[in-house]
Amino acid sequence: GENVEQHPSTLSVQEGDSAVIKCTYSDSASNYFPWYKQELGKRPQLIIDIRSNVGEKKDQRIAVTLNKTAKHFSLHITETQPEDSAVYFCAASIGGSQGNLIFGKGTKLSVKP
Amino acid sequence: GAGVSQTPSNKVTEKGKYVELRCDPISGHTALYWYRQSLGQGPEFLIYFQGTGAADDSGLPNDRFFAVRPEGSVSTLKIQRTERGDSAVYLCASSSQRGGQFFGPGTRLTVL
């Protein structure tokens, strides 16, 4: 079945450094790729998304890149801050941006002050 | 505006009992999704509604699980004959035509 692989599972960086999280997906029909941030005990929060007709999207300190040929997409966080510490999930849609999402297993990001 | 809400926030039940979990989507959102999340894992898709009808229920693990959305707004996830393995956080999300799924706070279900 469809699968999303996410790496690394944990990531520790110093405040101010950049963090990169990578995902691969298996279904070539996937065309929508959101990223969620989840703090302990809280709901997943949509932080950025990208559609398959775009290669890169940026929102302040966060950017996402997509390589459709390789079925890779990545989240880049620059100038990390302690409040960026959380679990980040990538996901790929089945059947368009309103289709169901297949999630990766998550990356626990720790930003040390 | 108000986000997705879910009730109850916590539910403790005994093995074999029936439970209902409720989701109120963002007003005007046509699509509604149910996921469940176990500790240390990403959300796992269960079922997706477009309006009143289930557009995709392929994620429901077995026939003990059922969901309805009779008026195209509020949805109820129903679990019969609960088992300990059903314990998880059940998340609801909704989206508009523009896409982007917004999650509720979840219901933590514990089956003793």
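In what follows, every chain begins at residue 1, and chains take the letters A, B, ... in the order their sequences are listed.
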- [ ] Below 4.5 Å from any heavy atom of chain B, which atoms of A:Pro34 appear? Answer side chain, backbone, both or neither.
- [x] neither

- [ ] Mark yes or no for whether A:Glu39, through its side chain, and A:Gln45, through its backbone, hold a donor-acceptor pair below 3.5 Å.
- [x] no

Open item on the list: With a 4.5 angstrom heavy-atom cut-off, is it the side chain or the backbone of A:Lys105 that approaches chain B, or both, or neither?
Closed with: both

Task: Pairwise distance CD(B:Gln101) to OH(A:Tyr32) - rounded to 0.5 angstrom - done: 7.0 Å

Task: Modelled atom types, side-chain donor and acceptor of A:Asn31 and A:Ser93, under 3.5 Å - done: yes

TODO: Starting at OG of A:Ser18, measure out to NE2 of A:His76 and round the result to the nearest 0.5 Å.
DONE: 9.5 Å

TODO: Measure distances from A:Gln38 to the heavy atoms of chain B and classify the residue's part below 4.5 Å as side chain, backbone, both or neither.
DONE: side chain

TODO: Check each atom of B:Glu44 against the heavy atoms of chain A and say whether the ones under 4.5 Å are side chain, backbone, both or neither.
DONE: neither

